[in-house]
Every structure is written in structure tokens, then in C-alpha cells.
Amino acid sequence: IGATGVSGMTAGRGTLGAGTANTCSVDTAGNDLKCWGNNNAGQLGNSTTITENEPKAASAPQRYVVATDTEVDTTWEAIQEIAGGVDHMCVRSNTYVWCSGSNASGQIGDTSPYKDRTRFTRIDQTDIASPRSLAAGANHTCVFATDGGGVERVFCWGANGSGQLGNGSVVGPYVTGAAISGNNFDNDTVRLAAGGDHTFALSTTDNAIYCWGKNASGEIGIGTLSEAEDTPTAITLMAGFVPTMIASGDNHNCAASSTQVYCWGANNLGQLGNDEVSLSTVPMQVQGLPTSGITELRAAGAQTCAVVSG
């Protein structure tokens, strides 16, 4: 079985993102969003719940007006990033976040009473501005953004039964974004990733990795197992390892530099790449990769991939 081209896609595509059983792509200008795959909850954002086996343009986005319980048409800004969960998809520009699909756990984040969205709906939360990194777990969403006081923070919303929102509790779900506890990442550069019920942040300014949420398979990377870690916890990195890329699967995480990849968490299908099939509660180096030229890192479900140049 080999790779095949996606029907109806033209040259000049830019950002690509995927959920559990659906994919979205936007052109290099950031305005032509097309999605395909499972659409049971409207996550493709095309105003239907019909599954699409080839790319279909998303409908014009909207925003939710709380006072009148109505939706109002709006327009796209250049999309910079796409992230997907089980039944929801989110995109961000440099100004706003929009989400579509299931809202059963509040993962859309538009304050509506758990109403699914078949169009991408803008998050109009005044203390979430200038989003710069976006991630979606199974039923939760997180963004690195600036709050109303100008402080840079990570905000999360949606399901929280395993502490995946990082706000110091397992209470929830949350229909609006709440800042994580203990670290505001002010004046920082942060990249986010999210797995099934956990979240993962890389501070490239401080060379630090923080994880929170479900830890039943060691995915938090702190050397122990637990049902929930509800505040961000720093992971001990190997000496000399300076990660610039991160990725999350359902129950495992990985971090990479241009020369090394480390993974931790579930490993029943070899997703840690360390020539074993037992879980690891601490980062383990991936075996068999070249010692230079690593340029991309991706994970989904129970698999991991790295792109090596040359």
C-alpha cells in the first residue's frame, strides 16, 4: 500500500491538521480551508454532518452571541494552525481561535450550553488574545495566548476528568478557557501538543517541558503512574538535550531536537521506538534514527514519525 494524492487538492496548500478520523488543510494564504473524513458532529465545519470522502470547503465561520443565544456570520483571518480531537476541529489565526464539531464536553469553547457546531465558531473570550500555539486532545482544547492584562498564559477548556485542563482540579467540563495553574509562561515561546486526556507544553525559552492530565500509562513523564495530574509538572530532561519539537499520541508523548528523539508513556505497540513494548514513565531515547537532520516530529494514536533530511 502506498501514499496517494488527495482528490480535488491543488498546489499551494499550507497548514495541515488532523483529528481522529478527519483532516483539514488550508492554502498558503490561510483563507481556503478544506476538510474531509468523519463528520458525525459537524467537525468538518461545512454546515452538515455528512461524512466527506474528499476535501470540501468549510462554510463561512460564525460567532456565538451569548446575550441573544444566536449565531452571527463573520469572516476568516489568515489561518496559521489546525488541531483536531475525536469529534472536533479547531483552527487559529494570529487573532482568534475557531472550533467546530462536538461540544458535548465544552471543547468548542464558545460558552454555549454544549451545543454541537457544524460551522467553525469563533471564541470571543476577552482574556484570550493573540493566540500563538494551539492543541486539541480527545475532548479538550488548549491555546497559548495573551490574557486581558497582557500576560502570556496557556488556556484550556473542555473535558477535565483527568486534569487535562491543568487548572488544579478535575472538576468540569469547562465551556470557556481557564488559565493553567502554576506557570503563566510570560515572555516565553511555547509550543503545545495534546493527547487523549493529557496536555504537553514546551518552553523553548527555558528549555523546559511540562505535562498534565491522565498519567495511567506514564504519559506525564514524571517517573510514576497516577490517574490524574491536574497541574503542570516539569519533566527531567537528559543532559544536553535541547528539544525544539513535541508531539502527542493518545497515551504517549515525544520530544525532539535535530539530533535526538525521546518518548515516554504507553508502548504496547512500540510507539516509543526504544525496541521494547513496555510503558515508560520517563523519557526514553528512540533507537535507530540518524544523529542529525531531524526536522519534523508527529504522533497520533499509537504511532510516531520523524522526518530526517538528507
Side-chain angles (χ1 to χ4, degrees), residues 1-62 73-102 107-109 116-123 131-139 141-144 191-195 245-250 295-301 303-307 309:
I1 299 174
T4 184
V6 176
S7 300
M9 298 295 280
T10 58
R13 304 306 292 181
T15 299
L16 182 74
T20 296
N22 49 277
T23 310
C24 291
S25 173
V26 70
D27 66 335
T28 52
N31 299 310
D32 180 24
L33 180 65
K34 293 183 178 180
C35 301
W36 59 99
N38 185 31
N39 197 29
N40 62 302
Q43 57 264 50
L44 303 188
N46 60 18
S47 302
T48 78
T49 56
I50 300 171
T51 292
E52 300 290 343
N53 58 13
E54 62 181 22
K56 185 171 183 178
S59 301
Q62 63 184 9
D73 290 348
T74 183
T75 57
W76 290 119
E77 296 182 5
I79 295 169
Q80 305 295 318
E81 193 171 11
I82 303 170
V86 171
D87 295 320
H88 78 293
M89 295 292 292
C90 296
V91 302
R92 72 161 181 89
S93 69
N94 289 325
T95 308
Y96 294 109
V97 174
W98 294 264
C99 294
S100 184
S102 174
Q107 59 266 52
I108 300 299
D116 291 354
R117 298 295 185 186
T118 61
R119 290 169 61 186
F120 282 92
T121 303
R122 194 173 80 189
I123 296 169
R132 289 177 294 290
S133 185
L134 177 69
N139 298 298
T141 310
C142 294
V143 64
F144 175 57
R191 295 178 181 174
L192 295 176
M245 299 165 273
I246 58 175
S248 291
D250 281 349
T295 59
E296 295 284 345
L297 181 69
R298 295 288 185 269
Q303 62 271 343
T304 313
C305 292
V307 176
S309 63

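What's counted below: heavy atoms across the whole structure, side chains too, no hydrogens, waters or symmetry copies.
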Undergrad: Of all heavy-atom pairs between S100 and G42, which one has the smallest distance, and what is that distance?
TA: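 For S100 and G42, the tightest heavy-atom pair comes out as OG-O, 2.7 Å.
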Undergrad: Distance check, rounded to the nearest 0.5 Å: R122 atom CZ versus Q62 atom CD?
TA: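 Spacing of CZ (R122) from CD (Q62) equals 11.0 Å.
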Undergrad: So which atom in S25 and which in L16 form the shortest heavy-atom distance, rounded to 0.1 Å?
TA: CB-CD1, 3.8 Å
Undergrad: So how far is it from D87 CG to I108 CD1, rounded to the nearest 0.5 Å?
TA: 10.0 Å
Undergrad: With heavy-atom distances below 4.5 Å as the criterion, would you say the side chains of L44 and T51 are in contact?
TA: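 The answer is no, as the side chains (C-beta and beyond) never meet within the 4.5 Å cut-off.
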Undergrad: With rounding to the nearest 0.5 Å, note down the distance linking OG1 in T49 to CG in D116.
TA: 9.5 Å
Undergrad: Looking only at heavy atoms, which two atoms of R92 and V97 are closest? And how far apart?
TA: CB-CG2, 4.0 Å
Undergrad: Once you round to the nearest 0.5 Å, how far does CD of Q107 lie from OG of S102?
TA: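 Going from CD on Q107 over to OG on S102, the span is 4.5 Å.
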Undergrad: If I take atom OG1 from residue T23 and atom CD from residue E52, how far apart are they, to the nearest 0.5 angstrom?
TA: 13.0 Å
Undergrad: I want to check something: taking the side chain as every heavy atom from C-beta on, are H88 and C90 in contact at a cut-off of under 4.5 Å?
TA: yes
Undergrad: Could you state the interatomic distance from SG (C35) to CG (N46), rounded to the nearest 0.5 Å?
TA: 8.0 Å
Undergrad: On a heavy-atom basis, which atom in A83 and which in A136 lie closest, and how many Å separate them?
TA: CB-N, 3.8 Å
Undergrad: Are the side chain of T121 and the backbone N or O of R119 linked by a donor-acceptor pair below 3.5 Å?
TA: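 Flag set: sc T121 to bb R119 pair under 3.5 Å.
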Undergrad: Assess the residue pair E81 and S133 against the criterion (side chain to side chain contact (heavy atoms under 4.5 Å, CB included)); give the C-alpha distance rounded to whole Å, side-chain angles, the decisive distance to 0.1 Å, and a yes or no.
TA: CA-CA 8 Å; E81 193 171 11; S133 185; 4.3 Å; yes
Undergrad: Where the side chain of N38 meets the backbone of N22, is there a donor-acceptor pair that is under 3.5 Å apart?
TA: no
Undergrad: Between R117 and G101 (side chain of the first, backbone of the second, donor and acceptor by atom type, cut-off under 3.5 Å), is there such a pair?
TA: no
Undergrad: Between C24 and L33, is any pair of side-chain heavy atoms under 4.5 Å apart?
TA: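 Yes. Closest side-chain heavy atoms under 4.5 Å.
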Undergrad: Looking at F120 and V91, what are the two nearest heavy atoms and their distance?
TA: CE2-CG1, 4.2 Å
Undergrad: Could you go through the side chain to side chain contact (heavy atoms under 4.5 Å, CB included) check for L134 and Q80 one step at a time?
TA: CA-CA 10 Å; L134 177 69; Q80 305 295 318; over 6 Å; no
Undergrad: Does the side chain to side chain contact (heavy atoms under 4.5 Å, CB included) test come out yes or no for T15 and I79, once each step is laid out?
TA: CA-CA 8 Å; T15 299; I79 295 169; 5.6 Å; no
Undergrad: Side chain to side chain contact (heavy atoms under 4.5 Å, CB included) for W98 and T74? Distances and angles first, verdict last.
TA: CA-CA 11 Å; W98 294 264; T74 183; 4.2 Å; yes
Undergrad: What pair of heavy atoms forms the shortest contact from S93 to E77, and how long is it?
TA: OG-OE1, 3.4 Å
Undergrad: With no hydrogens and no angle check, is any side-chain donor or acceptor of D27 less than 3.5 Å from a backbone partner on D32?
TA: yes
